[in-house]
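Proteins come first, then strands; the chains are lettered A, B, ... in the order of their sequence lines, and each starts at number 1. Side-chain atoms are counted along with the backbone in the values below, which use heavy atoms only and exclude waters and symmetry mates.
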There are 2 protein chains.
Amino acid sequence: MLTDFNRLKVFYTIYRYKSAAAAARELYISQSAVSQSLGKLERELKTQLFVRMHKKLVPTSAAGRLYEIVEPFVRGLEGGLAWLEAEKSGPRGVLRIGAPVEFGSRNLVELVAAFRRRHPAVFFEVSLGHPDILLPRLAGGELDLLFADIFPGRRGRNLPPFSVSTVLTEKLVLACSAGYYSTRLRGAVEPSALAGCEFLDYSHGRSALDNWFRHHYGRSFPGLKVVLTVESVQAILNAIKGGLGLGIVPEYLVEKELKAGPVRAVRTGRPELVNRISLVRLKGKAASPAEKEFLENF
Amino acid sequence: MLTDFNRLKVFYTIYRYKSAAAAARELYISQSAVSQSLGKLERELKTQLFVRMHKKLVPTSAAGRLYEIVEPFVRGLEGGLAWLEAEKSGPRGVLRIGAPVEFGSRNLVELVAAFRRRHPAVFFEVSLGHPDILLPRLAGGELDLLFADIFPGRRGRNLPPFSVSTVLTEKLVLACSAGYYSTRLRGAVEPSALAGCEFLDYSHGRSALDNWFRHHYGRSFPGLKVVLTVESVQAILNAIKGGLGLGIVPEYLVEKELKAGPVRAVRTGRPELVNRISLVRLKGKAASPAEKEFLENF
DNA sequence: ATCAGCGCTTAAGTAGCACTTATGCTTACG
DNA sequence: CGTAAGCATAAGTGCTACTTAAGCGCTGAT
């Protein structure tokens with residue numbers, strides 16, 4: 001690669017003016033410095049870039065070729081710097097956000113819509129997926145913000161580079177259809193009765209079912225009959241309504257059905273298991289105005 | 001504009017490796033220098049470019065944007081330098097040549113065809129036109145070579161930045177159709193007889209007719225009846241054959257017609273006026289291998 | 001739990017090189 | 001023919017980018 005990029009800046013200016021003296025004035029350096037810089041560049045490239053004529057430097061074809069490389073760069077650079085400047089002046093630019101599929105599809109798009117109504121100059125790139133996939137992308141700088149359903153300090157202090165704050169909690173209930181509830185459970189919610197039932201679970205990562213049992217009964221129940229695993233709350237919900245078995249869903253999603261009757265939840269008397277949606281950020285990363293504005297609306 | 005382009009080179013390397021230490025090894029400087037350079041760039045832009053994490057520098061979105069500007073530049077630069085290198089290794093690249101319309105259409109294309117048969121890697125950009133138009137373009141660096149029908153040293157030593165060498169001479173004759181010759185001239189070639197005739201001349205620049213008269217009779221004949229001016233030898237030739245009057249054409253173009261009879265030339269006994277096609281180059285401009293090769297074939 | 005290892009930062013000193021000043025040359029212009 | 005403007009070169013200097021060195025934080029191995 002070229003040893004000194006600054007010579008290209010001098011070259012660029014000379015080319016624009018076809019004159020070393022004019023370039024010197026533009027760059028606030030002496031004419032001699034410009035001349036020396038050009039000479040060094042030519043020696044370095046072993047290529048003549050300008051023909052010295054009286055009061056004028058006439059570019060060779062090589063200079064023309066080089067200019068066609070440098071020129072768009074300088075223009076792009078100036079545009080980019082102006083953009084950076086603008087981004088600091090107020091909420092604009094792109095916000096790259098990661099979120100779990102369900103949260104992203106339901107809550108996040110509403111937040112985005114509301115936010116964009118107030119700040120139309122802010123654009124969003126939302127990536128939906130499992131935290132196990134999205135967290136490395138946050139760590140790699142591909143995301144600015146990440147919503148994830150990890151407990152704050154879930155794995156102790158093993159994620160010191162991240163700053164985590166809870167933004168939303170939702171109750172998780174073990175639910176089934178009314179028909180399933182009356183024919184298979186008949187009101188019996190002891191572990192022994194539940195253990196014989198059909199279950200629906202999520203495919204990725206730690207089992208939601210397992211969490212539920214350990215929360216309510218203090219221990220795992222291995223060997224449950226999991227008749228369906230699918231990484232979609234909506235799918236689990238439909239399966240529940242279809243009477244396939246028992247599955248974990250956020251309570252607010254089945255509030256109406258619980259009241260009206262078609263869906264029943266298993267109640268143990270203990271407080272419900274809660275899922276915390278946390279907002280994760282790279283610790284040490286300065287927040288842009290757009291980011292700040294977005295964060296303050298929580 | 002940015003004060004120091006070299007910092008961008010360092011930034012580029014850091015971004016590629018997501019590491020200052022790796023960049024330092026790549027650039028053959030100390031890791032501390034890399035860190036300082038990055039720090040200065042960030043302070044200069046007043047924008048955080050990397051989040052410092054353990055053994056890793058994680059780029060911010062601003063860094064990503066900057067990289068997208070710098071990366072194509074570096075790639076383009078490397079490609080361009082390789083191209084420059086290749087051009088010096090042998091005949092390849094583009095040759096930008098200017099020529100008068102007639103010479104360019106007839107002789108030059110043949111030369112180009114023959115040359116390209118031996119050096120297919122050489123491309124040509126031929127500009128046809130009057131020297132008054134093409135000479136400034138040569139002086140401005142837009143042309144590498146210029147064929148022009150100026151006499152070497154035509155305006156004294158008033159064009160020192162150009163190197164001129166004659167490559168071709170052609171006799172210019174004052175000709176007309178056989179019919180015109182017999183009815184209007186009847187063999188009388190004294191100036192007085194000629195002065196009453198109809199003439200055809202070229203539109204641009206110095207009159208070819210005037211040159212002819214001054215060459216053969218030592219003085220100008222103002223007030224000639226010029227019934228047609230057109231900047232095309234072919235057009236003048238057709239006008240001559242059509243009996244419109246007397247016009248100047250290169251002798252070799254009408255050789256057959258002169259022998260066979262349909263066209264007659266006015267002979268004064270003096271040697272014919274000659275037109276020199278010269279090859280003009282910018283003095284002080286180094287010739288590329290392609291250019292050298294082209295020039296040596298004369 | 002402790003320590004060795006690696007990477008980034010900061011501070012201070014140095015050395016290299018880019019820049020300035022000065023001079024001479026060339027050409028255009030009045 | 002003299003003046004003015006532009007470029008090249010030489011020599012000296014000052015800036016600054018770089019090196020060296022020390023310190024800190026984090027990780028992974030013992």
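Considering Phe73(B), Tyr67(B), Phe5(B) in turn, Tyr67(B) is the only one that fulfils the ring pair (Phe, Tyr, Trp, His ring centres under 6.0 Å) rule with Tyr12(B). Under the side chain to side chain contact (heavy atoms under 4.5 Å, CB included) test applied with Val280(A), the options Leu145(A), Leu143(A), Leu138(A) reduce to a single match, Leu138(A).
Across all strands shown, Asp4(B) has heavy atoms under 4.0 Å from sugar-phosphate atoms exclusively, and none from any base.
Here dA17(D) is the nucleotide among dA22(C), dA11(C), dA17(D) with the atom lying nearest to any side-chain atom of Arg7(B). Among the nucleotides dG6(D), dC7(D), dA12(C), the one closest to the side chain of Gln36(B) is dA12(C). Of the candidates dC19(C), dA21(D), dT21(C), dT21(C) carries the atom nearest the Ser32(A) side chain, counting heavy atoms from C-beta on.
One interatomic measurement links the two molecules: CD1 of Ile29(B) to C1' of dA15(C), which rounds to 15 Å at whole-angstrom precision. As rounded to whole Å, 14 Å separates atom C1' of dT10(C) from atom CG of Leu38(B). Put simply, CG on Leu27(A) is 15 Å from P on dA18(C), counting in whole angstrom units. A straight line from CD of Gln31(B) to C1' of dA21(D) spans 13 Å, rounded to a whole angstrom. Nucleotide dT19(D) holds its C1' atom 17 Å from the CZ atom of Arg25(B), rounded to whole Å.
Judged purely by distance below 3.5 Å, without hydrogens or angles, the side chains of Glu26(A) and Tyr17(A) pair a donor atom with an acceptor atom.
The phosphate of dT9(C) has OP1 or OP2 within less than 4.0 Å of a side-chain N or O from Ser35(B).
A heavy atom lying under 4.0 Å from DNA chain D marks the following residues of residues 40-64 of chain B, by number: Lys40(B), His54(B). Near DNA chain D, meaning a heavy atom under 4.0 Å away, the residues from residues 14-24 of chain A are Ser19(A), Ala20(A), Ala21(A).
Listed here is the closest heavy atom pair of Ala62(A) and Leu84(B): CB-CD2, 3.6 Å.
Taking a cutoff of 4.0 Å between a charged side-chain nitrogen and a carboxylate oxygen, Arg281(A) and Asp144(A) do not qualify as a salt bridge. Remark: Glu44(B) engages Arg7(B) in a salt bridge, criterion side-chain N to carboxylate O under 4.0 Å. With respect to the salt-bridge test (charged N to carboxylate O, under 4.0 angstrom), the residues Arg75(B) and Glu68(B) do not qualify.
Side-chain N or O atoms of Thr47(B) include one that pairs as donor or acceptor with a backbone N or O of Leu45(B) at under 3.5 Å.
Considering only heavy atoms from C-beta on, Glu78(A) stays 4.5 Å or farther from Leu2(B) through its side chain.
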